[in-house]
> 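First the structure, then my questions, so here it is.
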Amino acid sequence: MDFEKTLKDTVIKAIKDLYSVEADPAKVTVQKTRKDFVGDFTIVAFSLLAYSKKVPVDTAKELGEYLQENLSIVSDYNVVNGFLNISIDKEQWHKFLKQIFDNANFAFKAKNDKSPKVVVEYSSPNTNKPLHLGHIRNNLLGWSISEILKASGKEVNKVNLVNDRGIHICKSMLAWKELAEGKTPEDENMKGDHFVGKYYVLFNDEYKKQVQELIAEGKTKEEAEKEAPWLVKAQKMLRSWERNSRKIRQLWTQMNEWVYAGFDETYKKLGIDFDKTYYESETYLDGKRRVLKGLTEGDLSQRDDGTVLIDLEEYGMDEKVLLRADGTSVYITQDIGTAIMRYDDFKFDESIYVVGNEQDYHFKVLSIILDKLEYPWSNRLTHLSYGMVELPEGKMKSREGTVVDADDLIEEMINTARKTSEELGKLSDFTKEEAEKVYEIIALGALKFYILKVDARKNITFNPQESIDFNGNTGPFVQYTYARIRSLVRKAGTEQNIDISGNYEDITVDDKEKELIKIMYSYPSVIEEAAKLRTPSIIANYVFDLAKNFNKYYHEIPILKEEDKNIKLFRLKLSNQVSLVVKSAMGLLGIDVPERM
RNA sequence: GGUCCAGUAGCUCAGCUGGAUAGAGCAACAGCCUUCUAAGCUGUGGGUCCCAGGUUCGAAUCCUGGCUGGAUCACCA
């Protein structure tokens, strides 16, 4: 049932019948009728004047008449200026509703053997510090985009690439070795990632001190920054790591395990998961090997000091170093290895990297290098480049301690949800455990919705006060709508003994009901659009709109209090269907909905 | 300086494959709980859609130039 397509096809046919010309489908635009006008769909006549050779009003009228005569779904039409407003027969909307009753996933496309294979990489944390607000946006986007792509019929694999090696890891290892006296996260009752992050901070503190001392001794700033004892030690540690020194590797494994335990907890809380996890420590050597192969095959060049680089002049870019003079690999070398490994693993049609827009250049270069190395799939990499998360007072800076920690933020949101709920006295009959679960659902709903409702490409200002607001265009608003409907359905069963899976007869839907049906009707195209544009914000805005319209309906129209049993059943079924769509759409955003709140 | 992205109500954002009178939420103000959950609903005020040109029957939307802000142009990741 595709009203737009039917209308469009028929308009093309009408132009042929009426004016004896073949119309360009691109010139026939069918759009939703604006609220202030009567009708469901609007056809713009201006672009069709070349075919009709008539003024807009007459063209619209002739087409309107043709449509009404030849299409049974068209009940009426009106013409305003050059706009032809078409009304679809209410019974048609009703028919659509009947088709989707009790089907929670009517808008989802099933995948099949021919579905495109998509790999989505996101999260990609460093193992030297805990996750922060920026990671939260990354994780939510990556997870949600994956679900949206699945819903649009793609075969999706979610992967994580853990950046578990490099000098930054050695820094926290060194600080731990020097200062911790063998303490573990358990000893200090800390989450593993926070524990390791603490030593990373301690390293930087000590390093700064050492630099100051050297400067006081008469060294220049550059000399001091290079010669500070702890940095030298950390570099030595990295070399030992690359040589597979057993002691260093043991320490490395231990500290990473602590961090992973912490990450897992945060991922779990956020509801984030992966189908496969890659570790940079396992992929960087592949990248290195591939680069060396490219060197022998003549795709790459080498300087006298041993540095391996690629000349990208033919692509209008500079040269790019792929291996340092000492043979160690750089960031992009690892990504070359990972990309190749990933293609071997998945034979993807598309590989999406969910990474901040600060790395636009990096991913451009990556595709080009893979192209130059003659991988036919090099053009299948896409960078989902999202904007930065900023605070009202400016950018987050770890050095200035203005980074918002992911765990702290979640905790704070849960506290606010608890406080608000207790003030409203909503869940007084719940056990403590039950209530806590709802607080968590609400808190995460607020956080996720707040972040995902903004277009992924744009920078986002994270205002803590605003994010914790549960009114208006927020996750809890939508969740509340869901809980209200569930309450209706529960009461229908327990207090009035109504089975909402039953059937009703002889109903004429009224305008408010038609409005709700129309919004649900557009759900499949909304998913399609979100999948195409790669932004969950479209889903968030959609589900808010649906919830808002339902609240209005709920306020104006009696449902359980309706006396006509037939009408009551219809309204319950309609409401129930709205709740299914709300749950489905929120699910695409990774947001759970509570039965009560 | 080159490249890329953004600039819409006091604030946060929709709308951008050109279409009718530019929409929400927050904040402000005024109402609605003996009636299905008031985390809700209704109403009021609030706009040079950054500026200037251009294309078009029609521009917030497309093009050109400028202004402002951000990112990037590493043998950091």
Side-chain angles (χ1 to χ4, degrees), chain A residues 26 29 31 33-37 42 44-47 49 55-56 80-83 85 124 126 128 163 165-168 280 303 305 307-309 316-318 320-326 328-335 356-362 364-365 385 387-388 390 392 395 417 420-421 423-424 426 442 446 450 453-455 457-463 465-467 469-481 483-489 491-492 495-496 532 537-538 540-541 544-545 547-548 551-552 554-562 568 571-572 575 596-597:
Chain A
T29 53
Q31 52 199 240
T33 301
R34 286 181 58 126
K35 253 189 284 172
D36 327 309
F37 298 91
T42 296
V44 183
F46 292 100
S47 55
L49 305 184
V55 297
V80 182
N81 298 320
F83 298 94
N85 300 321
S124 312
N126 290 353
N128 63 333
N163 183 349
R165 48 146 242 128
I167 188 78
H168 49 292
E280 196 189 309
R303 279 205 294 251
D305 66 358
T307 308
V308 179
L309 39 83
M317 299 169 113
D318 226 344
K320 179 88 189 167
V321 169
L322 298 180
L323 288 178
R324 298 186 186 101
D326 65 0
T328 57
S329 54
V330 296
Y331 179 48
I332 202 156
T333 317
Q334 162 277 129
D335 255 343
N357 61 17
E358 59 201 345
Q359 296 199 34
D360 285 356
Y361 182 73
H362 172 79
K364 206 172 153 195
V365 172
S385 164
M388 299 288 95
E390 289 166 7
K395 277 194 274 180
T420 307
S421 183
E423 273 167 14
L424 294 170
K426 294 273 189 178
I442 294 169
Y450 183 82
K453 75 177 174 186
V454 180
D455 188 317
R457 290 177 296 259
K458 290 196 174 175
N459 284 6
I460 182 171
T461 307
F462 188 89
N463 185 330
Q465 265 118 48
E466 212 178 88
S467 70
D469 194 347
F470 294 162
N471 305 312
N473 188 353
T474 67
F477 173 92
V478 180
Q479 290 172 321
Y480 179 71
T481 309
R484 268 181 151 178
I485 298 174
R486 299 315 300 161
S487 171
L488 279 178
V489 172
K491 280 192 177 168
E495 292 175 10
Q496 303 195 10
K532 204 174 99 193
S537 63
I538 293 175
N541 290 321
F544 172 66
D545 188 48
K548 201 155 56 98
N551 278 332
K552 197 175 170 145
Y554 178 91
H555 188 257
E556 290 172 1
I557 306 285
I559 299 169
L560 282 179
K561 283 180 300 185
E562 169 59 42
K568 191 199 293 188
R571 289 180 182 167
L572 276 166
S575 302
R596 279 184 57 186
M597 68 184 274

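Letters go in sequence order (proteins before strands), and every chain restarts at 1.
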> Please compare Glu280(A) and Glu562(A) by the position of their nearest nucleotide in RNA chain B and report the one closer to 5'.
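The residue closer to the strand's 5' end, by nearest nucleotide, is Glu562(A).
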> Side chain of Asn126(A), backbone of Asn128(A): donor and acceptor closer than 3.5 Å?
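No; zero donor-acceptor contacts below 3.5 Å.
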> Quick check: closest heavy atoms across Asn463(A) and Pro392(A), and the distance to 0.1 Å?
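That closest heavy-atom pairing would be CA-CG, 3.9 Å.
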> If the sugar-phosphate is the primed atoms plus P, OP1 and OP2 and the base is the rest, what is the B/S/- string for nucleotides 55-60 of chain B, using protein heavy atoms under 4.0 Å?
--B---
> For the P atoms, the ones on A27(B) and on U12(B), what distance do you get once it is rounded to whole angstrom?
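Result for the P pair: 15 Å, nearest Å.
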> Measure from the side-chain N and O atoms of Asn85(A) to the backbone N and O of Thr42(A), and report whether any donor-acceptor pair falls under 3.5 Å.
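Side chain of Asn85(A) to backbone of Thr42(A): no pair is present.
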> With side chain to side chain contact (heavy atoms under 4.5 Å, CB included) as the criterion, how do Ile559(A) and Ser575(A) come out once you've worked through the C-alpha distance, each side chain's angles and the decisive distance to 0.1 Å?
CA-CA 9 Å; Ile559(A) 299 169; Ser575(A) 302; 3.7 Å; yes
> Mind checking whether Ser329(A) and Glu280(A) have side chains closer than 4.5 Å, heavy atoms only?
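The answer is no, as the side chains (C-beta and beyond) never meet within the 4.5 Å cut-off.
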> Taking any heavy-atom pair under 4.0 Å as a contact, classify Ile332(A): base, sugar-phosphate, or nothing.
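The answer is nothing, as Ile332(A) stays clear of every strand by at least 4.0 Å.
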> So which protein N/O to nucleotides 73-75 of chain B N/O distances come out below 3.5 Å?
from   : atom 1 : to        : atom 2 : distance (Å)
C75(B) : O3'    : Arg324(A) : NE     : 3.4
C75(B) : N4     : Arg303(A) : NH2    : 2.3

> Which nucleotide, in any strand shown, forms a Watson-Crick or G-U wobble pair with A6(B), with both distances under 3.5 Å?
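When the pairing criteria are applied, U68(B) turns out to be the nucleotide that pairs with A6(B).
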> For nucleotides C51(B) and A60(B), find the distance between their P atoms and express it as a whole number of Å.
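Per the computed distance, 11 Å lies between those P atoms.
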> With rounding to whole Å, what would you report as the distance between U56(B) and C63(B) at their C1' atoms?
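To the nearest whole Å, 12 Å.
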> Start with the C-alpha gap between Gln496(A) and Lys568(A), add the side-chain angles, then the distance that decides, and say whether side chain to side chain contact (heavy atoms under 4.5 Å, CB included) holds.
CA-CA 11 Å; Gln496(A) 303 195 10; Lys568(A) 191 199 293 188; 2.5 Å; yes
> Treating primed atoms plus P, OP1 and OP2 as sugar-phosphate and everything else as base, which nucleotides of nucleotides 5-18 of chain B get B, S or - for protein heavy atoms under 4.0 Å?
-SS----SSS-B--
> Here's a test for you: under side chain to side chain donor-acceptor pair (under 3.5 Å), which of Arg457(A), Lys453(A), Lys458(A) qualifies with Asp455(A)?
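Of Arg457(A), Lys453(A), Lys458(A), side chain to side chain donor-acceptor pair (under 3.5 Å) with Asp455(A) is met by Arg457(A) alone.
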> Grab the CG-C1' distance between Asp469(A) and G25(B) for me, whole Å please.
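Roughly 9 Å, once rounded to whole Å.
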> Mark up nucleotides 37-42 of chain B, 5' to 3', with B wherever a protein heavy atom is under 4.0 angstrom from a base atom, S wherever such an atom reaches only the sugar-phosphate, and - elsewhere.
BSBBSS
> What is the distance from CE of Met317(A) to P of C4(B), rounded to the nearest Å?
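Met317(A) atom CE is separated from C4(B) atom P by 11 Å.
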> Quick one: Lys364(A) NZ to G2(B) P, roughly how many Å, whole number?
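In whole Å, G2(B) P and Lys364(A) NZ are 15 Å from each other.
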> Mind checking what makes ring-ring contact (aromatic ring centres under 6.0 Å, His included) contact with His362(A), not counting sequence neighbours?
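By the ring-ring contact (aromatic ring centres under 6.0 Å, His included) rule, His362(A) matches Tyr331(A).
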> Run the numbers on Phe470(A) and Met597(A) for side chain to side chain contact (heavy atoms under 4.5 Å, CB included), then give the verdict.
CA-CA 12 Å; Phe470(A) 294 162; Met597(A) 68 184 274; over 6 Å; no
> For Asn85(A), which contact category applies under a 4.0 Å heavy-atom criterion: base, sugar-phosphate, or nothing?
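If one applies the 4.0 Å heavy-atom cut-off, Asn85(A) turns out to touch a base.
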> Which pair of non-hydrogen atoms, one from Gly82(A) and one from Pro56(A), has the smallest distance, and what is that distance?
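The pair with the smallest heavy-atom distance is CA-CB, 3.8 Å.
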> Do the rings of Phe83(A) and Phe46(A) sit parallel, tilted or perpendicular, given the 30° and 60° boundaries?
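If you compare the ring of Phe83(A) with that of Phe46(A), the planes turn out perpendicular.
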> Counting the atoms with a prime plus P, OP1 and OP2 as sugar-phosphate, which does Asn81(A) contact under 4.0 Å by heavy atoms, base, sugar-phosphate, or nothing?
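Counting heavy atoms under 4.0 Å across all strands, no contact is made by Asn81(A).
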> Rounded to whole Å, how long is the line connecting atom CG of Asp36(A) with atom P of U21(B)?
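It is 10 Å, rounded to the nearest whole Å.
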> Does C62(B) pair with anything, Watson-Crick or G-U wobble, both distances under 3.5 Å, and if so, with which nucleotide?
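Answer to the pairing question: G54(B), which forms a Watson-Crick or G-U pair with C62(B).
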> Find the partner of G45(B): check Watson-Crick (N1-N3 plus N6-O4 or O6-N4) and G-U wobble (N1-O2, O6-N3) distances, both under 3.5 Å, and reply none if neither fits.
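WC or wobble partner does not exist here.
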> Any idea if C26(B) is syn or anti, going by the 90°-from-0 cut?
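Anti for C26(B); the angle lies over 90° from 0.
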> Considering residues at least two apart in sequence or located in another chain, which fulfil the ring-ring contact (aromatic ring centres under 6.0 Å, His included) criterion with Tyr554(A)?
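By the ring-ring contact (aromatic ring centres under 6.0 Å, His included) rule, Tyr554(A) matches no residue at all.
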> Where do Thr461(A) and Tyr450(A) come nearest, in terms of heavy atoms and distance?
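Closest approach of Thr461(A) to Tyr450(A), heavy atoms only: O-OH, 3.2 Å.
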> Only one of Glu495(A), Arg571(A), Lys491(A) forms a side chain to side chain contact (heavy atoms under 4.5 Å, CB included) with Leu560(A), so which one is it?
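Answer to the side chain to side chain contact (heavy atoms under 4.5 Å, CB included) test with Leu560(A) among Glu495(A), Arg571(A), Lys491(A): Lys491(A).
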